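For reference, the structure I am asking about is given below.
Bear in mind that the values here come from a model prediction, so they are computed numbers and not experimental data.
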Amino acid sequence: MAMNTAPAPRPPLAAALRGLAVGRIVLGAAAIAAPRTLTAAFRIRATPELTYMTRIFGARAIALGLGYLTAPAAERPRWQRLSLLVDIIDTSHGTAHLARGDVPRPAAIAMVAMTGSYMTVGATRLIRDLH
């Protein structure tokens, strides 16, 4: 009986994916525990609505990070692809805000750089999986 296992990522990429998952958990925990501090770090004025949304973001980030780290090896590609989908959407929306100029430029650049770097690592893994 053959087992269906996912191909193991190359060591540097595997370490990067684990690091991104840990980063999601840390950022998510900060978003939940100290949402005003986190928004201040991006130079965004905190409002009650933004505090609430920041905590929602935090819960999502923790779920994605824990999902990836705790999944059996055969299920990690699914978690990685779900995370990639989120990163593509986040980066696309951030880029649109940057182009429209409706978010302070330094904040938009920082957030697009963050989600874009996650997206780049995830896309690299997906491309390797498809070849």
Side-chain angles (χ1 to χ4, degrees):
M1 174 187 290
M3 292 184 64
N4 184 10
T5 59
R10 295 180 185 160
L13 188 53
L17 290 170
R18 280 191 308 274
L20 293 180
V22 170
R24 288 181 198 281
I25 294 166
V26 170
L27 191 59
I32 290 172
R36 289 179 175 270
T37 302
L38 186 62
T39 56
F42 285 103
R43 297 181 181 173
I44 299 172
R45 184 177 52 83
T47 64
E49 298 85 2
L50 182 59
T51 296
Y52 173 58
M53 291 303 296
T54 301
R55 286 188 168 126
I56 290 172
F57 157 79
R60 178 187 77 171
I62 291 170
L64 289 171
L66 285 175
Y68 181 83
L69 291 176
T70 62
E75 294 178 20
R76 283 192 193 126
R78 177 183 310 163
W79 282 98
Q80 187 272 318
R81 289 174 183 166
L82 288 170
S83 297
L84 175 59
L85 175 63
V86 168
D87 297 334
I88 289 168
I89 293 168
D90 289 348
T91 303
S92 298
H93 285 277
T95 301
H97 284 287
L98 186 59
R100 283 193 305 266
D102 59 357
V103 173
R105 190 166 179 76
I109 289 170
M111 289 185 280
V112 168
M114 179 178 61
T115 61
S117 63
Y118 275 62
M119 182 183 72
T120 300
V121 173
T124 300
R125 170 62 197 259
L126 178 61
I127 290 166
R128 288 190 182 167
D129 284 352
L130 297 175
H131 285 103

- Item | Leu38 vs Leu27, side chain to side chain contact (heavy atoms under 4.5 Å, CB included): CA-CA, chis, key distance, verdict | CA-CA 9 Å; Leu38 186 62; Leu27 191 59; 3.8 Å; yes
- Please lay out, stage by stage, how Met114 and Phe42 fare under the test side chain to side chain contact (heavy atoms under 4.5 Å, CB included). CA-CA 11 Å; Met114 179 178 61; Phe42 285 103; 4.1 Å; yes
- Message: Quick check for you: to the nearest 0.5 Å, what is the distance between Leu85 atom CG and Met119 atom CE?
- Response: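 Answer rounded to 0.5 Å: 12.0 Å.
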- Query: How long is the span from the NE2 atom in His131 to the CG atom in Leu126, to the nearest 0.5 Å?
  - Reply: 10.0 Å
- Message: Heavy-atom count check: over 12 atoms from other residues, nucleotides or ligands less than 6.0 Å from Arg100 CZ?
- Response: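 Enclosed.
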- Looking only at atom types and distance, does a side-chain atom of Arg24 sit under 3.5 Å from a main-chain N or O of Ile62, one as donor and one as acceptor? no
- State plainly whether one hydrophobic cluster holds both Val22 and Val86, where clusters connect Ile, Leu, Val, Met, Phe, Trp and Tyr through side-chain heavy atoms under 4.5 angstrom apart. yes
- Message: For the OG1 atom of Thr51 and the CD1 atom of Ile32, what is their distance to the nearest 0.5 Å?
- Response: 13.0 Å
- Message: How close do Phe57 and Ala31 get, counting heavy atoms only, and between which atoms?
- Response: CD2-CB, 3.8 Å
- Task: Provide the closest heavy-atom pair for Ala16 versus Val121 in the form atom of the first, atom of the second, distance.
- Result: CB-CG1, 4.0 Å
- Note on the structure: Of all heavy-atom pairs linking Gly28 and Ala61, the shortest is CA-CB, 4.0 Å
- Determine, step by step, whether Met111 and Ile44 satisfy the side chain to side chain contact (heavy atoms under 4.5 Å, CB included) criterion, reporting the C-alpha distance in whole Å, the side-chain angles of both residues, the deciding distance to 0.1 Å, and the verdict. CA-CA 11 Å; Met111 289 185 280; Ile44 299 172; 3.6 Å; yes
- Which atom of Val112 lies closest to which atom of Gly94, heavy atoms considered: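 Here Val112 and Gly94 meet closest at CG2-C, 3.3 Å.
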- Query: Does a side-chain heavy-atom distance below 4.5 Å link Leu84 with Ile88?
  - Reply: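 A side-chain contact under 4.5 Å exists here.
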- Following the transitive rule for hydrophobic clusters with a side-chain heavy-atom cut-off under 4.5 Å over Ile, Leu, Val, Met, Phe, Trp and Tyr, establish whether Ile56 and Leu50 coincide in one cluster.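 Different hydrophobic clusters.
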- Return yes if some donor-acceptor pair links the side-chain N/O of Thr91 with the main-chain N/O of Thr115 below 3.5 Å, else return no.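 Yes; judged by distance alone, with no hydrogens or angles, the pair exists.
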- What is the distance from atom CZ of Arg78 to atom OG of Ser83, rounded to the nearest 0.5 Å? 12.5 Å
- Check: Thr47 and Arg36 side chains under 4.5 Å, non-hydrogen atoms: no
- Drop me the distance from Tyr68's OH to Leu17's CG, to the nearest 0.5 angstrom.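 Answer for the OH-CG pair, Tyr68 versus Leu17, is 4.0 Å.
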- Any donor-acceptor pair under 3.5 Å from Gln80 side chain to Gly122 backbone: yes
- Please check if Leu13 and Leu64 belong to a single hydrophobic cluster, counting links between Ile, Leu, Val, Met, Phe, Trp and Tyr side chain heavy atoms closer than 4.5 Å. yes
- Query: So do the side chains of Arg125 and Pro77 get within less than 4.5 Å of each other, counting heavy atoms only?
  - Reply: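 Of all side-chain heavy-atom pairs linking Pro77 with Arg125, at least one is under 4.5 Å.
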- Output yes when Asp87 and Arg81 qualify as a salt bridge under the 4.0 Å nitrogen-oxygen rule, no when they do not.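 A salt bridge is absent here (no side-chain N lies under 4.0 Å from a carboxylate O).
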- Query: Can you check whether Arg43 reaches Pro104 side chain to side chain, under 4.5 Å on heavy atoms?
  - Reply: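 Not in contact.
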- Task: Go through Leu98 and Val103 one step at a time and tell me if the side chain to side chain contact (heavy atoms under 4.5 Å, CB included) criterion holds.
- Result: CA-CA 7 Å; Leu98 186 59; Val103 173; over 6 Å; no
